[in-house]
2 protein chains.
Amino acid sequence: MNISTRFAVAIHILALLEIDKESKNTSEWIAGSVGTNPVVIRRITSMLGKAGLIKVRPGVAGAKLARSAEKITLLDIYLAVDAVGQDSLFAVHDHPSPDCPVGRNIAGAIIPVFALAQHAMEDVLGQVTLAQIASQIPV
Amino acid sequence: MNISTRFAVAIHILALLEIDKESKNTSEWIAGSVGTNPVVIRRITSMLGKAGLIKVRPGVAGAKLARSAEKITLLDIYLAVDAVGQDSLFAVHDHPSPDCPVGRNIAGAIIPVFALAQHAMEDVLGQVTLAQIASQIPV
DNA sequence: GTAAAGGTAACTATGATAGTTACAACTAAT
DNA sequence: ATTAGTTGTAACTATCATAGTTACCTTTAC
(Lines give C-alpha, C1' and ligand atoms only; values in the text may rest on other atoms or scores of the structure.)
Protein backbone atom coordinates (compact mmCIF):
# COMPACT_ATOMS: atom_id res chain seq x y z
CA MET A 1 0.00 0.00 0.00
CA ASN A 2 1.52 3.31 -0.97
CA ILE A 3 0.87 6.95 -1.59
CA SER A 4 -0.27 7.67 -5.13
CA THR A 5 2.21 8.75 -7.78
CA ARG A 6 0.01 11.83 -7.99
CA PHE A 7 2.25 13.35 -5.35
CA ALA A 8 5.51 12.56 -7.16
CA VAL A 9 4.02 13.76 -10.44
CA ALA A 10 2.93 17.00 -8.82
CA ILE A 11 6.48 17.61 -7.60
CA HIS A 12 7.74 16.83 -11.10
CA ILE A 13 5.34 19.33 -12.63
CA LEU A 14 6.30 22.11 -10.23
CA ALA A 15 10.01 21.44 -10.64
CA LEU A 16 9.50 21.70 -14.37
CA LEU A 17 7.70 25.02 -14.03
CA GLU A 18 10.50 26.32 -11.83
CA ILE A 19 13.31 25.18 -14.10
CA ASP A 20 11.94 25.46 -17.61
CA LYS A 21 10.44 28.93 -17.58
CA GLU A 22 10.90 29.38 -21.32
CA SER A 23 8.74 26.57 -22.69
CA LYS A 24 5.02 26.95 -22.99
CA ASN A 25 4.46 24.18 -20.46
CA THR A 26 1.17 23.00 -21.86
CA SER A 27 -0.31 19.88 -20.32
CA GLU A 28 0.85 18.01 -23.40
CA TRP A 29 4.42 19.21 -23.02
CA ILE A 30 4.48 18.37 -19.32
CA ALA A 31 2.94 14.98 -20.01
CA GLY A 32 5.87 14.27 -22.29
CA SER A 33 8.35 14.93 -19.51
CA VAL A 34 6.38 12.97 -16.93
CA GLY A 35 5.62 10.13 -19.31
CA THR A 36 1.87 10.05 -19.04
CA ASN A 37 -1.35 11.37 -20.52
CA PRO A 38 -2.15 15.11 -20.69
CA VAL A 39 -5.40 14.56 -18.83
CA VAL A 40 -3.52 13.14 -15.88
CA ILE A 41 -1.47 16.33 -15.83
CA ARG A 42 -4.50 18.56 -16.10
CA ARG A 43 -6.17 16.74 -13.22
CA ILE A 44 -3.15 17.49 -11.06
CA THR A 45 -2.58 21.06 -12.21
CA SER A 46 -6.23 21.67 -11.46
CA MET A 47 -5.66 20.58 -7.85
CA LEU A 48 -2.47 22.61 -7.60
CA GLY A 49 -4.32 25.63 -8.95
CA LYS A 50 -7.17 25.28 -6.46
CA ALA A 51 -4.59 25.09 -3.66
CA GLY A 52 -3.04 28.34 -4.87
CA LEU A 53 0.36 26.90 -5.74
CA ILE A 54 0.19 27.68 -9.45
CA LYS A 55 -1.73 29.93 -11.75
CA VAL A 56 -3.57 28.24 -14.59
CA ARG A 57 -6.35 29.61 -16.75
CA PRO A 58 -8.79 27.74 -18.94
CA GLY A 59 -7.93 28.12 -22.59
CA VAL A 60 -4.57 29.74 -22.03
CA ALA A 61 -1.50 27.62 -22.52
CA GLY A 62 0.89 27.00 -19.67
CA ALA A 63 1.04 27.31 -15.94
CA LYS A 64 3.20 29.39 -13.63
CA LEU A 65 4.19 29.12 -10.01
CA ALA A 66 2.02 31.36 -7.88
CA ARG A 67 4.89 32.06 -5.50
CA SER A 68 8.60 31.45 -5.38
CA ALA A 69 9.95 27.92 -5.14
CA GLU A 70 11.57 28.79 -1.81
CA LYS A 71 8.12 29.29 -0.38
CA ILE A 72 6.62 26.02 -1.55
CA THR A 73 7.30 22.95 0.57
CA LEU A 74 6.68 19.36 -0.33
CA LEU A 75 4.06 19.39 2.39
CA ASP A 76 2.18 22.14 0.56
CA ILE A 77 2.18 19.95 -2.54
CA TYR A 78 1.23 16.84 -0.59
CA LEU A 79 -1.76 18.65 0.88
CA ALA A 80 -2.70 20.18 -2.46
CA VAL A 81 -3.01 16.84 -4.22
CA ASP A 82 -4.66 15.16 -1.25
CA ALA A 83 -1.91 12.54 -1.12
CA VAL A 84 -3.17 11.37 2.28
CA GLY A 85 -6.28 12.51 4.08
CA GLN A 86 -5.96 14.28 7.41
CA ASP A 87 -5.00 11.69 10.03
CA SER A 88 -5.89 8.89 7.68
CA LEU A 89 -2.56 7.46 6.70
CA PHE A 90 -3.33 4.49 8.92
CA ALA A 91 -6.67 2.79 8.57
CA VAL A 92 -8.38 1.37 11.64
CA HIS A 93 -10.90 -1.45 11.48
CA ASP A 94 -14.48 -0.30 11.80
CA HIS A 95 -16.35 -2.78 13.94
CA PRO A 96 -14.45 -3.93 17.00
CA SER A 97 -16.67 -5.56 19.57
CA PRO A 98 -18.10 -3.18 22.16
CA ASP A 99 -18.44 -6.19 24.45
CA CYS A 100 -14.70 -6.66 24.78
CA PRO A 101 -12.43 -4.30 26.70
CA VAL A 102 -9.85 -4.45 23.95
CA GLY A 103 -12.45 -3.93 21.26
CA ARG A 104 -13.85 -0.95 23.12
CA ASN A 105 -10.52 0.77 23.68
CA ILE A 106 -8.12 -0.22 20.96
CA ALA A 107 -8.98 2.65 18.63
CA GLY A 108 -8.49 5.20 21.37
CA ALA A 109 -5.13 3.69 22.20
CA ILE A 110 -3.66 3.55 18.71
CA ILE A 111 -5.14 6.54 16.90
CA PRO A 112 -3.00 9.10 18.78
CA VAL A 113 0.13 7.13 17.97
CA PHE A 114 -0.87 6.89 14.34
CA ALA A 115 -1.40 10.64 14.26
CA LEU A 116 2.03 11.26 15.76
CA ALA A 117 3.66 8.98 13.22
CA GLN A 118 1.87 10.61 10.32
CA HIS A 119 2.79 14.07 11.56
CA ALA A 120 6.45 13.08 11.89
CA MET A 121 6.42 12.07 8.25
CA GLU A 122 4.66 15.26 7.21
CA ASP A 123 7.10 17.39 9.18
CA VAL A 124 9.94 16.07 7.06
CA LEU A 125 8.03 17.03 3.93
CA GLY A 126 7.42 20.46 5.38
CA GLN A 127 11.13 21.07 5.77
CA VAL A 128 11.98 20.51 2.14
CA THR A 129 11.26 23.22 -0.39
CA LEU A 130 10.62 22.98 -4.09
CA ALA A 131 13.71 25.14 -4.54
CA GLN A 132 15.84 22.50 -2.86
CA ILE A 133 14.47 19.82 -5.15
CA ALA A 134 14.97 21.99 -8.23
CA SER A 135 18.54 22.78 -7.21
CA GLN A 136 19.39 19.12 -7.57
CA ILE A 137 18.39 19.08 -11.20
CA PRO A 138 21.22 20.12 -13.52
CA VAL A 139 20.16 22.45 -16.31
CA MET B 1 -4.67 6.06 0.08
CA ASN B 2 -3.89 4.52 3.42
CA ILE B 3 -2.13 1.73 5.22
CA SER B 4 -4.23 -1.40 5.47
CA THR B 5 -6.28 -2.16 8.55
CA ARG B 6 -4.14 -5.29 8.72
CA PHE B 7 -1.74 -3.27 10.83
CA ALA B 8 -4.38 -2.02 13.26
CA VAL B 9 -5.91 -5.48 13.47
CA ALA B 10 -2.51 -6.98 14.22
CA ILE B 11 -2.06 -4.55 17.10
CA HIS B 12 -5.54 -5.44 18.31
CA ILE B 13 -4.71 -9.15 18.24
CA LEU B 14 -1.47 -8.74 20.15
CA ALA B 15 -3.06 -6.46 22.72
CA LEU B 16 -5.71 -9.09 23.23
CA LEU B 17 -3.09 -11.81 23.73
CA GLU B 18 -1.31 -9.62 26.24
CA ILE B 19 -4.40 -8.69 28.21
CA ASP B 20 -6.64 -11.69 28.00
CA LYS B 21 -4.28 -14.49 28.90
CA GLU B 22 -7.06 -16.67 30.26
CA SER B 23 -9.23 -17.16 27.20
CA LYS B 24 -8.37 -19.73 24.57
CA ASN B 25 -7.85 -17.01 22.00
CA THR B 26 -8.86 -19.06 19.03
CA SER B 27 -9.09 -17.29 15.70
CA GLU B 28 -12.83 -17.37 16.10
CA TRP B 29 -12.69 -15.75 19.51
CA ILE B 30 -10.31 -13.06 18.33
CA ALA B 31 -12.44 -12.47 15.25
CA GLY B 32 -15.33 -11.71 17.57
CA SER B 33 -13.35 -9.01 19.34
CA VAL B 34 -12.00 -7.52 16.12
CA GLY B 35 -15.32 -7.78 14.33
CA THR B 36 -14.26 -9.74 11.30
CA ASN B 37 -13.89 -13.21 9.88
CA PRO B 38 -11.68 -15.88 11.51
CA VAL B 39 -9.76 -16.36 8.27
CA VAL B 40 -8.72 -12.73 8.30
CA ILE B 41 -7.35 -13.30 11.79
CA ARG B 42 -5.53 -16.47 10.78
CA ARG B 43 -3.93 -14.71 7.85
CA ILE B 44 -2.53 -12.11 10.19
CA THR B 45 -1.51 -14.46 13.00
CA SER B 46 0.30 -16.47 10.37
CA MET B 47 2.35 -13.40 9.44
CA LEU B 48 2.95 -12.54 13.08
CA GLY B 49 4.08 -16.11 13.70
CA LYS B 50 6.50 -16.07 10.78
CA ALA B 51 7.96 -12.84 12.11
CA GLY B 52 8.53 -14.46 15.48
CA LEU B 53 6.20 -12.21 17.46
CA ILE B 54 3.80 -14.93 18.53
CA LYS B 55 3.75 -18.68 18.83
CA VAL B 56 0.98 -20.46 16.97
CA ARG B 57 0.72 -24.11 16.09
CA PRO B 58 -1.51 -25.77 13.54
CA GLY B 59 -4.31 -27.66 15.19
CA VAL B 60 -3.73 -26.27 18.64
CA ALA B 61 -6.07 -23.60 19.88
CA GLY B 62 -4.75 -20.18 20.77
CA ALA B 63 -1.68 -18.07 20.28
CA LYS B 64 0.81 -16.63 22.73
CA LEU B 65 3.25 -13.75 22.60
CA ALA B 66 6.72 -15.02 21.82
CA ARG B 67 8.31 -12.36 24.01
CA SER B 68 7.17 -9.79 26.50
CA ALA B 69 5.00 -6.89 25.44
CA GLU B 70 7.72 -4.47 26.54
CA LYS B 71 9.95 -5.91 23.86
CA ILE B 72 7.50 -5.63 20.98
CA THR B 73 7.22 -2.25 19.29
CA LEU B 74 4.59 -1.12 16.85
CA LEU B 75 7.36 -1.04 14.27
CA ASP B 76 7.97 -4.76 14.79
CA ILE B 77 4.29 -5.36 14.13
CA TYR B 78 4.24 -3.02 11.15
CA LEU B 79 7.13 -4.88 9.60
CA ALA B 80 5.64 -8.27 10.44
CA VAL B 81 2.41 -7.61 8.56
CA ASP B 82 4.15 -5.87 5.69
CA ALA B 83 2.11 -2.74 6.25
CA VAL B 84 4.38 -0.79 3.89
CA GLY B 85 7.19 -2.15 1.78
CA GLN B 86 10.73 -0.99 2.42
CA ASP B 87 11.06 2.55 1.11
CA SER B 88 7.83 2.23 -0.77
CA LEU B 89 5.44 4.39 1.19
CA PHE B 90 5.62 6.93 -1.62
CA ALA B 91 5.18 5.75 -5.18
CA VAL B 92 7.15 7.38 -7.96
CA HIS B 93 5.98 7.45 -11.57
CA ASP B 94 7.76 4.92 -13.76
CA HIS B 95 8.43 6.50 -17.10
CA PRO B 96 9.71 10.06 -16.91
CA SER B 97 11.30 11.24 -20.13
CA PRO B 98 15.04 10.61 -20.35
CA ASP B 99 15.17 13.47 -22.87
CA CYS B 100 14.25 16.08 -20.27
CA PRO B 101 16.59 17.20 -17.49
CA VAL B 102 13.75 17.14 -15.01
CA GLY B 103 12.57 13.74 -16.20
CA ARG B 104 16.09 12.36 -15.90
CA ASN B 105 16.71 13.65 -12.39
CA ILE B 106 13.44 13.96 -10.56
CA ALA B 107 13.49 10.47 -9.08
CA GLY B 108 16.99 10.94 -7.72
CA ALA B 109 15.96 14.22 -6.16
CA ILE B 110 12.80 13.07 -4.40
CA ILE B 111 13.48 9.46 -3.43
CA PRO B 112 15.91 10.36 -0.62
CA VAL B 113 13.40 12.81 0.83
CA PHE B 114 10.66 10.21 0.63
CA ALA B 115 12.91 7.75 2.44
CA LEU B 116 13.61 10.27 5.19
CA ALA B 117 9.93 10.99 5.63
CA GLN B 118 9.02 7.32 5.77
CA HIS B 119 11.76 6.63 8.30
CA ALA B 120 10.59 9.51 10.49
CA MET B 121 7.17 7.90 10.59
CA GLU B 122 8.61 4.46 11.32
CA ASP B 123 10.80 5.85 14.09
CA VAL B 124 7.70 6.97 15.96
CA LEU B 125 6.26 3.49 15.67
CA GLY B 126 9.54 2.06 16.92
CA GLN B 127 9.30 4.09 20.10
CA VAL B 128 5.93 2.75 21.16
CA THR B 129 5.68 -0.69 22.72
CA LEU B 130 2.80 -3.11 22.82
CA ALA B 131 2.96 -2.81 26.59
CA GLN B 132 2.25 0.92 26.35
CA ILE B 133 -0.76 0.27 24.15
CA ALA B 134 -2.02 -2.48 26.44
CA SER B 135 -1.62 -0.25 29.48
CA GLN B 136 -4.23 2.10 28.05
CA ILE B 137 -6.86 -0.60 27.97
CA PRO B 138 -8.75 -0.92 31.26
CA VAL B 139 -9.34 -4.49 32.38
C1' DG C 1 -10.53 -42.34 15.75
C1' DT C 2 -12.71 -38.04 16.40
C1' DA C 3 -13.41 -33.27 17.36
C1' DA C 4 -11.47 -28.85 17.21
C1' DA C 5 -8.36 -25.77 15.33
C1' DG C 6 -4.93 -23.50 12.28
C1' DG C 7 -3.06 -22.94 7.26
C1' DT C 8 -4.12 -21.73 2.90
C1' DA C 9 -6.13 -21.63 -1.71
C1' DA C 10 -9.76 -19.66 -4.36
C1' DC C 11 -13.37 -16.69 -5.29
C1' DT C 12 -16.04 -12.21 -4.77
C1' DA C 13 -16.96 -7.32 -3.91
C1' DT C 14 -15.17 -2.99 -3.18
C1' DG C 15 -12.46 1.10 -3.75
C1' DA C 16 -8.46 3.84 -5.48
C1' DT C 17 -5.51 4.67 -9.25
C1' DA C 18 -4.10 5.78 -13.83
C1' DG C 19 -4.88 5.83 -18.48
C1' DT C 20 -7.94 7.06 -22.24
C1' DT C 21 -11.60 9.26 -25.20
C1' DA C 22 -14.68 12.82 -25.74
C1' DC C 23 -16.39 17.21 -25.45
C1' DA C 24 -17.68 21.77 -23.50
C1' DA C 25 -15.73 26.25 -22.25
C1' DC C 26 -12.43 29.57 -22.80
C1' DT C 27 -8.57 32.61 -24.86
C1' DA C 28 -5.72 34.69 -28.19
C1' DA C 29 -4.67 35.71 -32.78
C1' DT C 30 -6.06 36.69 -37.13
C1' DA D 1 -16.27 36.94 -35.78
C1' DT D 2 -14.03 32.92 -36.67
C1' DT D 3 -10.68 29.63 -35.79
C1' DA D 4 -7.04 27.02 -33.64
C1' DG D 5 -5.23 25.68 -29.49
C1' DT D 6 -5.82 24.77 -24.68
C1' DT D 7 -7.79 23.80 -20.16
C1' DG D 8 -11.53 21.52 -17.30
C1' DT D 9 -14.01 17.63 -16.50
C1' DA D 10 -17.09 13.72 -17.14
C1' DA D 11 -17.19 8.96 -18.30
C1' DC D 12 -15.34 4.66 -19.15
C1' DT D 13 -11.78 0.91 -18.67
C1' DA D 14 -8.09 -1.94 -16.73
C1' DT D 15 -5.41 -2.95 -12.91
C1' DC D 16 -4.34 -3.71 -8.21
C1' DA D 17 -4.78 -4.28 -3.06
C1' DT D 18 -7.88 -5.21 0.47
C1' DA D 19 -11.21 -7.71 3.14
C1' DG D 20 -14.59 -10.94 3.47
C1' DT D 21 -16.11 -15.62 2.56
C1' DT D 22 -16.32 -20.70 1.56
C1' DA D 23 -13.99 -24.80 1.35
C1' DC D 24 -10.79 -28.16 2.45
C1' DC D 25 -6.42 -30.15 4.05
C1' DT D 26 -3.39 -30.85 7.98
C1' DT D 27 -2.32 -31.03 12.69
C1' DT D 28 -3.07 -31.69 17.57
C1' DA D 29 -5.32 -33.23 21.88
C1' DC D 30 -8.19 -36.31 23.95
Checklist outcome for this item: From NZ of A:Lys55 across to P of C:dC26 the rounded distance in Å is 20 Å

Checklist entry - Can you name the residues that form a side chain to side chain donor-acceptor pair (under 3.5 Å) with B:Asn105, not counting sequence neighbours? => result none

Checklist entry - For A:Ser97, what residues pass the side chain to side chain contact (heavy atoms under 4.5 Å, CB included) criterion, not counting sequence neighbours? => result A:Asp99, A:Cys100

Next on the checklist: Strictly under 4.0 angstrom, non-hydrogen atoms only: write out the protein contact profile of nucleotides 7-15 of chain D, one letter per nucleotide from the 5' end, B, S or -.
Outcome noted: BBBBB----

Next on the checklist: Holding to side chain to side chain donor-acceptor pair (under 3.5 Å), I want the full list of residues that pass it with B:Asp82, two or more places apart in sequence or in another chain.
Outcome noted: none

Checklist entry - Is the side chain of B:Gln132 donor-acceptor paired with the backbone N or O of B:Thr129 at a distance under 3.5 Å, no angle test? => result yes

Checklist entry - Rounded to the nearest Å, what distance is computed from the CD1 atom of residue B:Ile30 to the P atom of nucleotide C:dG7? => result 11 Å

Next on the checklist: Expressed as a whole number of angstroms, how long is the span from B:Asn2:CG to C:dG15:C1'?
Outcome noted: 10 Å

Item to check | With B:Leu79 via side chain to side chain contact (heavy atoms under 4.5 Å, CB included) - residues at least two apart | outcome: B:Leu75

Next on the checklist: Suppose we screen for side chain to side chain donor-acceptor pair (under 3.5 Å). Which residues come up paired with B:Thr45, at least two apart in sequence or across chains?
Outcome noted: none

Item to check | Strand contacts (DNA chain D) in residues 85-108 of chain B, 4.0 angstrom heavy-atom criterion | outcome: none

Checklist entry - When the distance from CZ of A:Arg6 to C1' of C:dA16 is rounded to whole Å, what number comes out? => result 9 Å

Item to check | Residue whose closest nucleotide on DNA chain D lies nearer the 5' end, B:Asp82 versus B:Pro38 | outcome: B:Asp82

Next on the checklist: Holding to side chain to side chain contact (heavy atoms under 4.5 Å, CB included), I want the full list of residues that pass it with B:Ala63, two or more places apart in sequence or in another chain.
Outcome noted: B:Leu17, B:Ile54, B:Val56

Checklist entry - Quick one: side chain to side chain contact (heavy atoms under 4.5 Å, CB included) partners of B:Ser68, sequence neighbours excluded? => result B:Glu70, B:Lys71

Checklist entry - B:Ile13 has an atom CD1; how far is it from atom C1' of D:dA19, in whole Å? => result 13 Å

Checklist outcome for this item: Separation of C:dG7 atom P from B:Asn37 atom CG, nearest Å, is 15 Å

Item to check | For atom CD1 of B:Ile41 and atom P of D:dG20, their distance in whole Å | outcome: 9 Å

Checklist entry - Can you tell me how far P of C:dG6 sits from NZ of B:Lys64, to the nearest Å? => result 12 Å

Item to check | From B:Leu14, B:Leu130, B:Leu53, residue fulfilling side-chain contact (heavy atoms from CB on, under 4.5 Å) relative to B:Asp76 | outcome: B:Leu53

